[in-house]
Every structure is written in C-alpha cells, then in structure tokens.
Number of protein chains: 2
Amino acid sequence: MSTTYREVKADILRQITQGELAPGSILPNEVDLAASYGCARATVNRAMRELADDGLIERRRKAGSRVRRNPLRQAKFNIPLVQQEVEEQGSVYRYALVSRDIAPASDRLRARLGLQSSDRLLHLICMHYADDAPYQYENRWINLAATPDAETFDFSQTGPNEWLVKQVPFTDVQISFRAIQADAVYAEHLDCARGDALFQVERTTRQDDEPVTFVQLTYRQGHRLTTRY
Amino acid sequence: MSTTYREVKADILRQITQGELAPGSILPNEVDLAASYGCARATVNRAMRELADDGLIERRRKAGSRVRRNPLRQAKFNIPLVQQEVEEQGSVYRYALVSRDIAPASDRLRARLGLQSSDRLLHLICMHYADDAPYQYENRWINLAATPDAETFDFSQTGPNEWLVKQVPFTDVQISFRAIQADAVYAEHLDCARGDALFQVERTTRQDDEPVTFVQLTYRQGHRLTTRY
DNA sequence: TAGTGGTCTAGACCACGGA
DNA sequence: CCGTGGTCTAGACCACTAA
C-alpha cells in the first residue's frame, strides 16, 4: 500500500491548478516530499520529472523546484498519414498521382533546402480523396541524391509518403503551418473557389543535414487541425 | 563506467534511423538488453520508455517492444504569450483594447462551449502590435460564472491572456488551427485586403469541465507557426 | 499460464550551480 | 562549499495479455 508516482504527480498537479501552490513558489525537495508521501525518493523523482516535462515546474540543482510563472504552453499534434486520417473519420480513401517529373532544383528550393545546384529532384503532385471528394493536394520534391531508389519506384499506386516512411530513415523534421489563398490550380484540384483560404502544412525532412524531401500538403477548404492538453 | 540510459537510447535510436532495426521488428526484452549493454534493467527501461514516449517504438506487456511501422509523427509547439512572441523577434510590443461588453452567451457559443443559457460572458476585442504594425487580432469571451473577478478588472492596460494566466487555474485546453478569409473587420484591424487568407488559432480553456474562456487569435497575413522534431 | 513491461525500494555516487 | 536534482543499481512484486 505505497504511494505511486501517479498519485504524487496528481496531488502536486492539483495543488498547482487549484492555486495552493502559487506560481513562482518553491516546492519541498525530493527527500522531504518522499518522506511526507511515504514513498521512495525515486518515486517522487519520476513524478517531478514528468511535471517538468509537461512544462508545469522548473527544476534546478541546488536551487530546487519551482512552479513556473507562465506555465509553458505546449501542444502536441499527431501528424498522421493522410490515409489513416481519412479512414479514421469513417471515409473511403483514394489516391491519385497527378504528375511526375525530374528536374534540377529551382533556386527557391535550393535556397530553402540547402541543396547543391547539381542535385536532381523528383517532383510529384498527388491528390488524396475522402469518399471521392478532394481532401488534400500534395506537392512534393524528393532529393534523388539522398534517395536514388525513388527514381524507379512507381508512385501511381502508392503515395510517396507511405513509401518514404518505410524506405528512408530520417533524423530531423521541420514543420510549419500557414494559411494560403487558393489560386486557379488549387481551386481546380480541391474543388473550391479561387481566393478561398486554405490550410497548408509544409514539411522538410532531413537525414543528418542532407535534405530528403520537402512537401506542401494543402487541405480542402474548412480543414482544422485540433488537439488538447 | 556504466552505460547510461542516454547511451542506450541513442544506440537503439541509431539502429532504428539507420535501418538496422526494421519497422515492425521486435526488440530484445529488457532483461536481455540490460545484459548486453551491461547495465541495470531500470536503465534500459528508462531508455525504452522515452523511445515509446517519442513515438518510435510500441510496447506491450508479454508481447514485447516493436519498432513502429509508421513512426508516430508528433510535433510539439510552444504556445507563447503574444508579448513574448513579439519581443523574441526583436520588435516592440504594444497592446490595445478595442471593445468591451457583457452579454448573455449567443447560441453559437453556448453550443460550442456547453454553457447554460443564463451564463453571462465578458466579450473583449483586443489588438496586439509589433513595432506599431498590427500583429494579432484577439476576439475573446470570458465566462463570468467561472471568473467573476474579470467583470471589474480593467483590461485597457493589461491583455486578458496575461491576466487569465496569472489569476485563473485551468485543467483542460483545446486548440485548433485553421485558415480563414479576411472580412471587412479583419481587413481593417490587421491592415490587409478583404479576402486575404489569415491563420487563426482557436482555444477553449476549461476548469474541471466548466468553460473558462474561448478565444480566436487571428494573425496578420503571412504568419507561420513552425516547429521541428 | 508464463513472459513481458510497469513500478517501487533503499541505497549510493555524482554533477551542477547557488550562496 | 554543500544542498539539490540526476542517475544507476540489484532486487522485488505486480499487472497485463498473448499464447
């Protein structure tokens, strides 16, 4: 009948959210907390470490643990594969390859990704449908210097994301979200009006600083990305 | 000279990203790993637990640990206070209250937040500037049933976010991102054209299921939210 | 039912960094 | 300097669940 780290964490969390522990105030040290909860120091340590990971407290050797003044607000988003995303909302997923070509990197992409001018890129445009309605427009560049196999793979049946995830390891991913206005191309593919506001995710994937792929995923009008914490 | 959990984690991570451990393959159990790394089982456990938290492996009792087939792609975003966000990019921050009124909740908000029809809401519209250029338009509703003090507080000098973070505890936050088209009001306040695509964050904060505040934060044209992992 | 991860313990040593 | 958190250990019991 010992106190678990979950109980310790929940109790401290309660004291913080209910204002018993004011922002900026200092918590007892681990030894004292262990004694008062009647558990081992390692148990308190795990509870406190998770609270620190969650951004609720700040810990420093010798200085002790304090409740953060401005609780670090951080949100975690799942970035699912399109197919899973579509199927999880109960729709039928369909994929189509719109175009495929190979060309040297444009100046814009070279600057953005840090590519050599000699590098060749595989450029794919794909559509993802939910119940036969346009769901996502995918504009992707794959660095053939990093992924030579991509040149011979047939992307007409399998989406590049599915293939890349299984074939190519990566070490670093950068993601950004923004709003863009639909031009004629987007309007046609996503079945919306020119000028509509669309939600776009841009993602750059690297393997040890070498760019592997850059993609723009543009969602149909009205899409939301949601999370809670 | 023992093996640390960081070393164990880094070594397994390397095997995954370099393809030595294929997606879906099973890892040795903790006892065996501990033996092969020459450390205690608890050390291996911590390394594996963190890999699981990071979405790289899946663990199940009796079944063992496997490399995820589709590495769970999850991104963590910091949700900073506007003032910090502006100042961190080296600009001067300025705040202004645009309007303030108190009214019963509209049907739309009642449905969205799960409010009682008798609840009164404090409705604030605020502007946040960076170097005197519009940066963010804030449209906020505060539930006076949950936060009576808000009724008498003077929001003409201090932004509601700063005040709420310090005054009101919360237990649950829901965030969503989307793209919207600027109407005449947005165009005027954010100094952009009608029809421009704007990036908007919506956030609902609750304390034990009671809605505390709902806010729409609309950024100036061209804003991006970025992260890496 | 047996194997695996989940957790707790009591103790130890150490690194960091405030006073 | 020396208090605090960071980490490791060897062992133990337990909860879950696949076989």
Side-chain angles (χ1 to χ4, degrees), chain A residues 1-16 21-72 74 76, chain B residues 1-16 21-72 74 76:
Chain A
M1 195 50 259
S2 66
T3 310
T4 70
Y5 85 91
R6 290 170 188 277
E7 290 167 343
V8 174
K9 184 179 176 184
D11 187 62
I12 297 177
L13 188 56
R14 181 190 56 74
Q15 293 184 50
I16 294 175
L21 284 171
S25 64
I26 195 163
L27 285 82
N29 69 36
E30 294 191 349
V31 175
D32 291 351
L33 282 173
S36 71
Y37 284 113
C39 64
R41 190 189 142 212
T43 303
V44 170
N45 179 272
R46 176 152 182 202
M48 301 283 275
R49 182 153 36 80
E50 292 197 359
L51 287 169
D53 286 344
D54 294 346
L56 287 155
I57 66 174
E58 241 174 345
R59 319 193 73 194
R60 275 180 357 246
R61 283 161 152 133
K62 168 74 181 182
S65 304
R66 293 179 174 279
V67 180
R68 291 191 92 102
R69 294 192 175 279
N70 299 128
L72 188 58
Q74 52 188 3
K76 248 188 183 175
Chain B
M1 196 51 258
S2 65
T3 310
T4 70
Y5 85 91
R6 290 169 187 279
E7 289 166 341
V8 175
K9 184 180 177 184
D11 187 61
I12 297 177
L13 187 57
R14 181 190 56 74
Q15 294 184 51
I16 294 176
L21 284 171
S25 64
I26 194 162
L27 284 83
N29 68 37
E30 295 191 348
V31 176
D32 291 350
L33 282 173
S36 71
Y37 284 113
C39 65
R41 189 188 143 211
T43 304
V44 171
N45 180 272
R46 176 152 181 200
M48 301 284 275
R49 182 153 36 81
E50 292 197 358
L51 287 169
D53 285 344
D54 294 345
L56 287 155
I57 66 175
E58 241 174 345
R59 320 193 73 195
R60 273 178 2 243
R61 283 160 153 136
K62 167 78 179 180
S65 304
R66 294 178 174 278
V67 180
R68 291 192 91 102
R69 293 191 176 279
N70 301 128
L72 185 60
Q74 50 187 3
K76 250 187 184 176

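We name chains A, B, ... by the order of the sequence lines, and we start the count at 1 in each one.
- The stretch residues 23-43 of chain A touches DNA chain D through A:Asn29, A:Glu30, A:Arg41, each having a heavy atom within less than 4.0 Å of the strand.
- For B:Leu13, the side chain to side chain contact (heavy atoms under 4.5 Å, CB included) criterion is met by B:Thr17, B:Leu51, B:Leu56, not counting sequence neighbours.
- A search for side chain to side chain contact (heavy atoms under 4.5 Å, CB included) contacts involving A:Pro23 returns nothing, not counting sequence neighbours.
- Separating the CG atom in B:Leu33 from the CG atom in B:Asn45 is a distance of 11.0 Å, to the nearest 0.5 Å.
- Using a 4.0 Å cut-off between charged side-chain N and carboxylate O, A:Arg66 and A:Glu58 make no salt bridge.
- Mapping heavy-atom proximity under 4.0 Å, the span of DNA chain C touched by chain B runs 5' to 3' from C:dA2 to C:dT7.
- In this model, the phosphate group of D:dG5 is approached by a side-chain N or O of A:Ser65 to a distance below 4.0 Å at OP1 or OP2.
- Remark: A:Arg46 engages A:Glu50 in a salt bridge (charged side-chain N to carboxylate O under 4.0 Å, His left out) (not counting sequence neighbours).
- Of the inter-residue distances, the one linking B:Asn29 atom CG with B:Met48 atom CE reads 8.5 Å to the nearest 0.5 angstrom.
- Direction of the helix axis in the helix from C:dT1-D:dA18 to C:dG18-D:dC1 shifts by 20° between the two five-pair termini, rounded to 10°.
- Within a 6.0 Å sphere centred on CZ of A:Arg14, heavy atoms belonging to other residues, nucleotides or ligands number more than 12.
- For B:Gln15, the side chain to side chain contact (heavy atoms under 4.5 Å, CB included) partners at least two apart in sequence or on another chain are B:Asp11, B:Glu20, B:Leu21, B:Tyr37.
- Residues satisfying the side chain to side chain contact (heavy atoms under 4.5 Å, CB included) test with A:Ala52, not counting sequence neighbours, are A:Ile57, A:Arg59.
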Using nucleotides 14-19 of chain D, report all nitrogen or oxygen pairs with the protein that are shorter than 3.5 Å.
unit_1 : atom_1 : unit_2  : atom_2 : d
D:dA15 : N3     : B:Arg61 : NE     : 3.2

